[in-house]
Amino acid sequence: MSRTPVAVLGAAGRMGSETVRAVQGAEDLELVAALDREDDLEAAAGAEVVVHFTQPAVVMDHLRWCIDRGLHAVVGTTGFTDERVATLRGWLGEEPATGVVLAPNFSIGAVLMMHFAEQAARFYESVEVVELHHPDKVDAPSGTAVRTAQRIAAARAAAGVAAPPDATTEERPGARGADVDGIRVHGVRLRGLVAHQEVLLGDEGETLTIRHDSVSRSSFMPGVLAAVRQVGQRPGLTVGIEPFLGLAP
Ligand SMILES: NC(=O)C1=CN([C@@H]2O[C@H](COP(=O)(O)OP(=O)(O)OC[C@H]3O[C@@H](n4cnc5c(N)ncnc54)[C@H](OP(=O)(O)O)[C@@H]3O)[C@@H](O)[C@H]2O)C=CC1
Ligand SMILES: O=C(O)C1=N[C@H](C(=O)O)C[C@H](O)C1
């Protein structure tokens with residue numbers, strides 16, 4: 001059986017090291033490079049698929065490098081703005097040969113949490129997102145929380161639902177969280193946590209809480225491996241791993 005050559009960037013990090021182990025444990029994949037900040041990127045040139053678990057500050061340069069060489073990319077690194085996504089689409093061009101999978105969260109439960117939140121969003125007057133992570137995370141809000149809020153906002157706009165009510169007129173800066181497309185997103189950083197999120201929905205006389213917990217980084221690996229195996233068959237940009245699970249994006 002021929003094995004797909006894979007490189008991992010950010011290989012010494014929390015996610016990169018987990019990914020290195022997962023790739024090494026997969027019979028159909030071959031780890032050809034495991035690179036960190038000090039390593040020469042050229043060592044990844046022999047890969048077909050490059051996995052990115054680095055930092056928002058460096059990921060765009062790495063993606064440019066991959067796309068220029070026709071190397072498929074599976075990107076877990078967060079911090080993607082609409083502007084960055086548009087830039088990526090521009091680099092890939094009108095008829096792309098290279099595949100890029102950009103997923104703010106590779107865990108099945110987080111994908112389902114976003115899906116359920118999107119479905120529930122139009123039924124409730126109020127909705128807010130709370131993301132909770134380990135304190136070594138550099139970006140806030142998390143990529144997952146931003147994507148969740150964007151999907152909630154789009155679902156509410158499509159259904160003609162008004163903005164969530166909020167009578168706040170006196171506020172210490174930050175007390176009401178970040179505004180993502182009109183949805184409030186709150187961030188908690190706490191030693192002992194890995195990656196967690198609650199979507200709180202409320203209406204007269206009832207609330208609904210949708211909560212997801214990643215208690216180990218192994219939770220992300222089935223999604224990462226699915227993306228590595230399929231990115232080559234999906235030229236252009238794929239946002240999220242929903243298509244690999246048979247869910248609409
Ligand atoms: N999509 C998903 O499912 C998930 C996404 N993430 C995201 O993945 C990213 C990484 O998270 P995490 O592993 O916790 O972070 P870490 O800080 O543990 O790992 C990042 C690694 O990238 C390395 N790095 C920095 N600059 C470069 C460079 N120029 N070239 C190669 N490597 C570099 C860092 O090295 P150094 O320490 O020397 O700076 C570090 O080893 C974050 O953006 C996070 O939000 C996290 C979990 C799940
Ligand atoms: O940095 C992390 O840890 C995580 N980052 C991703 C994000 O920003 O959404 C995914 C998950 O929440 C863990």
Side-chain angles (χ1 to χ4, degrees), residues 7-22 33-45 47 50-66 73-81 84-85 100-114 117 129-151 178 180 185-199 211-228 231 238-242 244-245:
V8 177
L9 305 187
R14 287 175 288 270
M15 284 298 293
S17 54
E18 190 79 36
T19 303
V20 164
R21 280 192 292 279
L35 307 179
D36 222 59
R37 185 189 290 275
E38 305 303 332
D39 299 313
D40 182 1
L41 204 50
E42 288 302 326
V50 179
V51 182
H52 302 244
F53 277 112
T54 55
Q55 295 294 346
V58 299
V59 67
M60 290 302 277
D61 287 347
H62 288 164
L63 283 169
R64 178 86 237 204
W65 185 89
C66 288
V74 170
V75 188
T77 310
T78 45
F80 275 85
T81 57
R84 282 184 166 208
V85 172
V100 175
V101 173
L102 193 66
N105 203 309
F106 284 101
S107 96
I108 309 294
V111 170
L112 290 173
M113 178 251 305
M114 286 188 266
V129 177
V130 184
E131 55 98 331
L132 310 92
H133 282 84
H134 60 91
D136 301 313
K137 182 169 178 56
V138 298
D139 56 319
S142 72
T144 309
V146 170
R147 179 112 177 105
T148 307
Q150 289 170 337
R151 288 176 61 172
V180 178
V185 179
H186 310 269
V188 175
R189 296 291 176 267
L190 205 67
R191 186 66 70 201
L193 296 183
V194 178
H196 318 257
Q197 183 167 297
E198 287 189 355
V199 180
R211 179 173 173 117
H212 174 256
D213 298 275
S214 272
V215 296
S216 158
R217 291 182 178 85
S218 60
S219 63
F220 303 109
M221 291 305 118
V224 171
L225 294 184
V228 167
V231 63
T238 301
V239 179
I241 60 165
E242 283 80 357
F244 309 140
L245 305 174

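Source: prediction; values computed, not measured. We count ligands from 1, going down the list as the structure has it; atoms in each ligand are counted the same way.
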**Q.** Residue, atom name and distance, where the atom is the protein heavy atom closest to atom 10 (C) of ligand 2
**A.** Pro104 O, 3.2 Å
Q. With the threshold set at 4.0 Å, does a side-chain nitrogen-carboxylate oxygen contact exist between Lys137 and Glu131?
A. no
**Q.** Arg211 bridged to Asp213 by N-O distance under 4.0 Å
**A.** yes
Q) Do any non-hydrogen protein atoms sit less than 4.0 Å from atom 13 (O) of ligand 1? A) yes
(Q) One residue to check: Asp39. Relative to ligand 1, which of side chain, backbone, both or neither has a non-hydrogen atom less than 4.0 Å away? (A) neither
Q. Based purely on interatomic distance, does Arg217 place a nitrogen or oxygen under 3.5 Å from a nitrogen or oxygen of ligand 2?
A. no
Q: Report yes or no: does a heavy atom of Gly143 sit under 4.0 Å from some atom of ligand 1?
A: no
Q: Using a 4.5 Å cut-off on heavy atoms from C-beta on, say whether the side chain of Val129 contacts that of Gln197.
A: yes
Q. So is there a nitrogen or oxygen of Phe220 less than 3.5 Å from a nitrogen or oxygen in ligand 2?
A. no
Q) Any non-hydrogen atom of Glu38 lying under 4.0 Å from ligand 1? A) no
Q) Can you find a non-hydrogen atom of His134 under 4.0 Å from ligand 2? A) yes
Q. What distance separates Phe106 CZ from Thr19 OG1, expressed to the nearest 0.5 Å?
A. 8.5 Å
Q: With heavy atoms of Ala195 as the reference, note each atom of ligand 2 found under 4.0 Å away.
A: 11 (C), 12 (O), 13 (C)
Q: Apply the side chain to side chain contact (heavy atoms under 4.5 Å, CB included) test between Val75 and each candidate in Val51, Leu63, Leu9, Thr54; give the one that qualifies.
A: Leu63
Q | ligand 1-proximal atoms of Ser142, by part, heavy-atom distance under 4.0 Å | A | neither
**Q.** Distance-only donor-acceptor check, side chains Ser219 and Ser107, under 3.5 Å
**A.** no
Q) Can you find a non-hydrogen atom of Asp36 under 4.0 Å from ligand 1? A) yes
Q | Part of His133 with heavy atoms under 4.0 Å of ligand 2, whether side chain, backbone, both or neither | A | side chain
Q) Would you say Ser216's side chain and Ser218's backbone share a donor-acceptor pair under 3.5 angstrom? A) yes
Q) CE of Met60 to OG1 of Thr77: how many Å apart, nearest 0.5 Å? A) 11.5 Å
Q) For atom 39 (O) of ligand 1, what's the nearest protein heavy atom and its distance? A) Arg37 NH2, 2.5 Å
Q | Phe220 side chain near Met15 side chain, heavy-atom distance below 4.5 Å | A | yes
(Q) With a 4.0 Å cut-off on heavy atoms, is His52 in contact with ligand 1? (A) no
Q: Could you tell me whether Gln55 approaches ligand 1 through its side chain, its backbone, both or neither, with non-hydrogen atoms closer than 4.0 Å?
A: side chain
**Q.** atom 9 (O) of ligand 2 - nearest protein heavy atom and its distance
**A.** Thr144 OG1, 2.4 Å
